[in-house]
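Computed over heavy atoms, backbone and side chain alike; hydrogens, waters and symmetry mates excluded. Since the structure is predicted, the reported quantities are computational estimates derived from the model, not experimental observations.
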Number of protein chains: 2
Amino acid sequence: MSKPVKSTDREQAVLNLVFAALSDPVRREILTRLDGEELLVSELAQPFDISLQAVSRHIQVLVRAGLITQERTGRISRCRLDAEPIASAAGWINQYAKYWQQQFDTLVAFLPELDNSNTEDDSHGHDHSEDENQRD
Amino acid sequence: MSKPVKSTDREQAVLNLVFAALSDPVRREILTRLDGEELLVSELAQPFDISLQAVSRHIQVLVRAGLITQERTGRISRCRLDAEPIASAAGWINQYAKYWQQQFDTLVAFLPELDNSNTEDDSHGHDHSEDENQRD
DNA sequence: TTGATATTCAACCATATGATTGAATGTGCG
DNA sequence: CGCACATTCAATCATATGGTTGAATATCAA
């Protein structure tokens, strides 16, 4: 239950941007689709119902958060995941994840039908997802 | 570099709320202060410059995201961390953290003094944060 | 009951966000 | 050159967010 360390304002600003960027499902899906390959703006935009311009702005939000970079060659712009700021976010969240996970394990111990094997990183498929914990 | 799994709409909704909740520094600090102890709304509010009412609403945002719970006894309301939804967020982000961290390591291998340009305080300090960008 | 305390609710305001459409920029190519 | 293409910029709109102050609710205590 170690207390998280205090961060600088700068780190806080990064976390603000990163978490805000991650709070939108379109942007998360963009990141998902960029996992492992580079894509053009137009390719990224294609599956979405919103306009290309809207996607372009989502991409800019991700760029500002440092989560992706764009490399423009000619008139096309390739997007790829970038590494740095997510480490801050992952670091921050994982401090809590430890505590939360521990609490979660306790919870699971009381609710045996939930699979408690996700204490570690099989979490790709983590499936305690019948949450009725949030509204709306 | 395994592709992340598709999530349900419900999971997406949880992630929306959780990441949005985490995007505010006041709320993150509330969580930080709740790591290991329960606190009253008024105790939580005390170090902040904003009104008690504003803090109360931040707390409600965290409750809606499932990150904390409030237990009211009499006129006081104790807040404590809650476990479940953060597991989703941690799971989600960690899928990427692996990829990102690997990329980051590669980057660092090429640029041993990566951050001497502008960053100072730790290994992933990153500097595009003179930030003008979000509301607060 | 009266009054102080703890918290929430409500109304309001300023700003941010996400979407749209239309115009602008810039590049590739016939 | 002149036009199609890829992307961004700009204006606009509706809604969400975060802050304020003041009132309401509820509990404790004298």
Engineer: Output the rounded distance in Å from CG (A/L39) to C1' (D/dT7).
Structural biologist: 16 Å
Engineer: Expressed in angstrom and rounded to an integer, what is the separation of A/D49 atom CG from C/dT21 atom P?
Structural biologist: 12 Å
Engineer: What's the CD1-P distance between B/I59 and D/dG19, to the nearest Å?
Structural biologist: 12 Å
Engineer: Reckon A/Q60 has a side-chain N or O less than 4.0 Å from the OP1 or OP2 of D/dC9?
Structural biologist: yes
Engineer: Distances under 3.5 Å only, N/O to N/O: pair up the protein atoms with those of nucleotides 13-15 of chain D.
Structural biologist:
none

Engineer: Quickly work out the A/F48 CZ to C/dT20 P distance and round it to whole Å.
Structural biologist: 12 Å
Engineer: How long is the straight-line distance from CZ of B/R78 back to OG1 of B/T69, given to the nearest 0.5 Å?
Structural biologist: 12.5 Å
Engineer: Would you tell me whether A/Q70 and A/R80 have side-chain atoms, one donor and one acceptor, within less than 3.5 Å of each other?
Structural biologist: no
Engineer: Quick one: A/Q46 CD to D/dA6 C1', roughly how many Å, whole number?
Structural biologist: 14 Å
Engineer: Once side chain to side chain contact (heavy atoms under 4.5 Å, CB included) is applied, do any residues pair with B/Q53, and if so which ones, sequence neighbours excluded?
Structural biologist: B/S51
Engineer: Do A/I76 and A/V41 come close enough that some side-chain heavy atom pair is under 4.5 Å?
Structural biologist: no
Engineer: Round to a whole Å and report the spacing from CG of B/N16 to C1' of C/dG18.
Structural biologist: 13 Å
Engineer: Compute the angle between the rotation axes at the two ends of the helix from C/dT1-D/dA30 to C/dG30-D/dC1, each taken over five pairs, rounded to 10 degrees.
Structural biologist: 10°
Engineer: Taking atom P of D/dT8 as reference, at what distance in whole Å does atom CG of A/L44 sit?
Structural biologist: 11 Å
Engineer: Hey, does the side chain of A/R57 come within less than 4.0 Å of D/dC9's phosphate (OP1/OP2), counting only N and O?
Structural biologist: no
Engineer: Measuring to OP1 and OP2 of D/dT17, would you say a side-chain N or O of B/H58 lies under 4.0 angstrom away?
Structural biologist: no
Engineer: Take A/L67 and A/L31 through the side chain to side chain contact (heavy atoms under 4.5 Å, CB included) test and state the conclusion after the steps.
Structural biologist: CA-CA 8 Å; A/L67 294 169; A/L31 293 176; 4.2 Å; yes
Engineer: Do you know which of B/L62, B/L34, B/L40 makes side-chain contact (heavy atoms from CB on, under 4.5 Å) with B/C79?
Structural biologist: B/L34
Engineer: Taking the side chain as C-beta and beyond, is there a heavy-atom pair between B/L44 and B/I59 under 4.5 Å?
Structural biologist: yes
Engineer: I'd like a list of close polar pairs between nucleotides 2-7 of chain C and the protein, N/O only, cut-off under 3.5 Å.
Structural biologist:
{"from": "C/dT5", "atom 1": "O4'", "to": "B/R75", "atom 2": "NH1", "distance (Å)": "3.3"}
{"from": "C/dT5", "atom 1": "O2", "to": "B/R75", "atom 2": "NH1", "distance (Å)": "2.9"}
{"from": "C/dT7", "atom 1": "OP1", "to": "B/V41", "atom 2": "N", "distance (Å)": "3.3"}
{"from": "C/dT7", "atom 1": "OP1", "to": "B/S77", "atom 2": "N", "distance (Å)": "3.2"}
{"from": "C/dT7", "atom 1": "OP2", "to": "B/S42", "atom 2": "N", "distance (Å)": "2.7"}
{"from": "C/dT7", "atom 1": "OP2", "to": "B/S42", "atom 2": "OG", "distance (Å)": "2.6"}

Engineer: Could you note down all residue pairs passing salt bridge (Lys or Arg N to Asp or Glu O under 4.0 Å) where residues 41-60 of chain A supplies at least one of them, sequence neighbours left out?
Structural biologist: none
Engineer: Picking from C/dT20, D/dG19, D/dC9, which would you name as closest to the side chain of A/Q53?
Structural biologist: D/dC9
Engineer: Output the distance between atom CG (B/L15) and atom CZ (B/R10), rounded to the nearest 0.5 Å.
Structural biologist: 13.0 Å
Engineer: Looking at every heavy atom in both B/R33 and B/P47, which two are closest together, and how far apart are they?
Structural biologist: NH1-CG, 3.2 Å
Engineer: How many whole angstroms separate atom CG of B/L62 from atom P of D/dT17?
Structural biologist: 13 Å
Engineer: Apply side-chain hydrogen bond (donor to acceptor under 3.5 Å, both in side chains) to A/S23 and list each qualifying residue two or more places apart in sequence or on a separate chain.
Structural biologist: none
